[in-house]
Amino acid sequence: MIPIGKILEGKYTNKTVTIRGWVYRKREGKDIIFILMRDATGVIQCTFRKDAEAWEEAEKATIESSATLTGTVKEDKRAPGGYEISGENLSIIGLAETFPIAKDKSEEFLRDVRHLWLRSRKMSLVMRVRDEVLWSVHECFRKKGFVEVSPPMFISSACEGGSTLFGLKYFDQDLFLTQSAQLYLEALIYSLEKVYCVAPSFRAEKSRTIRHLTEYWHVEPEQAFADVDDMMRLEEDLVSYVCRKVAQKCRKELVELGLDPEELARVKPPFPRVTYTEAVERLHKKGLRVKWGEDFGFDEERVLAEMFDKPVFVYGYPKQIKAFYCKTYPEKPDLAMSADLLVPRIGEITTGGSRVDDKDELIKRMKEFGLRPEDYEWYIDLRRYGTVPHAGFGLGVERLLAWMLKLENVMDAIPFPRTIRRFYP
RNA sequence: GCCGCUGUAGCUCAGCCAGGUAGAGCGGCUGGCUGUUAACCAGUCGGUCGUAGGUUCGAAUCCUACCGGCGGCGCCA
């Protein structure tokens with residue numbers, strides 16, 4: 001059994017091969033049938049003459065039927081890809097009914113039949129790049145001495161506000177699905193110091209945008225004895241590493257998706273860094289009306305991101321617009337040691353920073369945010385027994401991928417997207 | 001949560017503003033075709049016009065409610 005990709009590399013010219021895969025296209029003439037076969041490695045044209053033994057079987061084959069095919073490889077400029085197989089034998093494995101996806105298709109329909117649309121060139125290319133993104137994330141953390149850990153998905157109290165959690169019945173208790181592993185990662189740094197996870201996060205935000213999923217994959221590192229500046233360095237290293245690896249290893253995929261690998265290869269540290277206060281000033285110069293102390297909306301993020309040719313960090317936010325666990329600068333107690341990484345079109349792809357490491361400060365901040373410290377006893381314990389300064393961040397995998405591949409929607413960066421409106425298939 | 005757009009054949013859409021017998025292309029099927037490139041040519045099959053009410057002699061078209069989908073804002077990764 002020969003992978004089609006190997007044949008297209010010219011390694012089997014004039015040899016008899018057997019391939020297996022699915023019928024990608026079919027065109028019938030009076031005395032000749034063209035069947036384009038695809039497998040995981042590529043697409044190749046196969047011809048069947050009327051006098052061939054396989055003619056009848058070739059006539060029967062329908063789009064997306066699975067089959068085994070034997071024939072002789074020939075170099076032929078008329079064939080897409082430059083090579084074709086002169087078909088001698090064809091054996092249909094699973095005869096396909098009329099495939100619902102044809103020439104005309106809408107985004108809506110393709111999402112209704114996502115289980116079938118995953119077979120398309122576009123989706124398979126994106127899935128290959130996604131694989132490389134995840135692999136290179138693991139590689140990068142491993143090289144830096146981080147230990148991969150597995151956080152829980154069921155949680156008993158909110159990581160942040162609480163209004164955006166999915167609730168569920170857990171036997172006779174009310175529990176939630178996690179929206180971040182952060183609090184659990186914080187517990188693990190006391191033994192492992194540098195940890196990370198790649199896990200799903202669930203958010204019940206009723207967002208209707210091209211950058212929101214209710215279930216998304218979250219890369220979250222947490223590091224002891226580190227602060228927000230260490231995190232920004234880690235983030236730019238990670239994002240650059242991933243971009244470089246994808247540019248190297250997914251060159252073909254990028255080109256077929258209509259992208260320039262060099263553009264990704266140019267994403268290198270350092271990324272520009274802008275303080276919140278500077279960002280407000282820059283936005284004022286652009287004519288946007290933002291008041292110091294207010295969080296940026298998507299319009300502001302977009303304008304900021306488009307000022308630079310690389311992802312940009314915005315750091316030093318007013319503490320009231322950041323989460324309760326965000327540490328503040330000792331010399332500027334109104335500013336959070338927190339940074340967001342912004343990219344054009346998608347907006348935030350990461351948020352992170354230093355965490356509050358003092359027990360009394362943590363309890364005070366919880367109360368300010370209307371949280372009940374008794375719900376977080378275990379988390380407060382982490383500050384009771386050998387607390388250390390520490391920091392971490394969260395990266396949205398689908399947002400990263402959507403930015404890297406210029407996808408129209410984060411839904412196309414995951415095989416089976418879940419949004420407020422869509423959970424089938 | 002607020003706002004906008006949208007729903008007509010398996011798929012993509014026209015018809016709706018100005019009410020009067022349901023249309024095209026693609027796909028399917030049948031036939032034709034000198035090697036096609038999402039082939040081409042001819043014929044043919046295919047629809048409770050999202051659902052339920054209402055107005056009207058008459059509703060895909062006007063009105064109301066509901067349902068599905070897409071997007072913008074807010075919220076966030």
Side-chain angles (χ1 to χ4, degrees), chain A residues 24-36 43-50 62-64 74 76-82 84 86 96-113 116-117 120-121 159-165 178-182 198-220 235 239 294-302 321-323 340-343 346-352 392-403 408-411 413-414 419-424:
Chain A
Y24 181 64
R25 297 274 189 272
K26 182 183 173 186
R27 286 180 280 274
E28 282 181 88
K30 188 180 164 192
D31 298 312
I32 189 164
I33 295 175
F34 298 95
I35 288 183
L36 276 73
V43 179
I44 193 164
Q45 175 164 293
C46 311
T47 59
F48 293 90
R49 299 282 172 182
K50 197 154 198 174
T62 51
I63 300 282
E64 286 304 315
K74 290 178 180 162
D76 194 321
K77 281 182 188 151
R78 294 172 294 184
E84 73 175 18
S86 178
E97 296 176 26
T98 305
F99 202 62
I101 303 173
K103 184 170 134 188
D104 295 317
K105 57 228 176 190
S106 62
E107 292 293 311
E108 178 181 349
F109 177 65
L110 294 179
R111 286 172 193 151
D112 288 342
V113 292
L116 302 175
W117 180 236
S120 67
R121 290 299 295 163
C159 292
E160 299 185 31
S163 61
T164 61
L165 289 164
T178 183
Q179 59 178 9
S180 166
Q182 180 199 320
V198 179
S201 278
F202 305 91
R203 302 226 172 158
E205 294 154 357
K206 293 182 177 174
S207 306
R208 310 195 43 76
T209 77
I210 57 160
R211 56 191 181 279
H212 284 86
L213 296 168
T214 51
E215 176 187 82
Y216 68 97
W217 285 76
H218 212 170
V219 172
E220 293 177 280
E235 287 177 57
V239 171
E294 285 175 355
D295 203 0
F296 297 142
F298 187 60
D299 287 340
E300 287 79 30
E301 287 181 1
R302 182 185 297 135
I321 59 176
K322 286 292 167 183
D340 290 354
L341 185 61
L342 309 181
V343 296
I346 303 295
E348 296 172 36
I349 59 170
T350 77
T351 292
F393 67 87
L395 164 77
V397 172
E398 291 76 18
R399 285 189 178 181
L400 174 66
L401 206 48
W403 167 66
E408 279 175 30
N409 196 308
V410 286
M411 280 194 249
I414 188 167
T419 68
I420 178 171
R421 291 273 180 229
R422 202 172 272 283
F423 35 81
Y424 177 95

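Note on naming: letters A, B, ... go to the chains in the order of the sequence lines (proteins, then strands), and numbering restarts at 1 for each one.
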If I pick the [atom1] atom on [M] and the same atom on [N], what distance separates them, to the nearest angstrom?
N	M	atom1	value
B/G20	B/A60	C1'	13 Å
B/A22	B/C40	P	31 Å
B/A38	B/G31	P	26 Å
B/C11	B/C17	C1'	28 Å
B/C62	B/G7	P	11 Å

Need one value for [X]: base, sugar-phosphate or nothing, where a base atom within 4.0 Å counts as base even if backbone is also close, heavy atoms only.
X	result
A/Arg25	sugar-phosphate
A/Gly297	sugar-phosphate
A/Gln45	base
A/Phe34	base
A/Glu220	nothing
A/Leu36	nothing
A/Arg49	base

Kindly point out which of [options] is positioned nearest to the side chain of [X]?
X	options	answer
A/Leu213	B/A77, B/G71, B/C73	B/A77
A/Arg399	B/U12, B/C76, B/C73	B/C76
A/Arg78	B/C73, B/A77, B/U36	B/U36

Should [X] be listed as having a side-chain N or O under 4.0 Å from OP1 or OP2 of [N]?
X	N	value
A/Thr351	B/A77	yes
A/Arg422	B/G71	no
A/Asn409	B/G71	yes

Walking RNA chain B from its 5' end, the first of A/Gly394 and A/Phe423 to be reached, judged by nearest nucleotide, is A/Phe423
Pick the closest RNA chain B nucleotide for A/Arg111 and for A/Ser106 by heavy atoms, then say which residue is nearer the 5' end.
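Comparing both residues, the 5'-ward one is A/Ser106.
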Please tell me if the side chains of [X] and [Y] come closer than 4.5 Å, counting only heavy atoms from C-beta onward.
X	Y	answer
A/Arg399	A/His212	yes
A/Lys322	A/Thr351	yes
A/Phe296	A/Ile321	no
A/Val239	A/Trp403	yes
A/Leu116	A/Phe99	yes
A/Ile33	A/Lys50	no
A/Asn409	A/Arg111	yes
A/Arg203	A/His218	yes

- Query: Using the rule for Phe, Tyr, His and the six-membered ring of Trp, do A/Tyr216 and B/A77 stack at under 5.5 Å and under 30°?
  - Reply: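 Answer is yes, a stack.
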Nucleotides 1-4 of chain B: which of its N/O atoms have a protein N/O under 3.5 Å away?
residue, atom, partner, partner atom, Å
B/G1, OP1, A/Lys206, NZ, 2.5
B/G1, O6, A/Lys206, O, 3.1

Show the distances under 3.5 angstrom between N or O atoms of the protein and N or O atoms of nucleotides 23-34 of chain B.
residue, atom, partner, partner atom, Å
B/G25, N2, A/Asp104, OD2, 2.9

Here the pair of heavy atoms bringing A/Ala402 nearest to A/Val410 is CB-CG1, 4.0 Å
N/O contacts under 3.5 Å, protein versus nucleotides 46-49 of chain B?
none

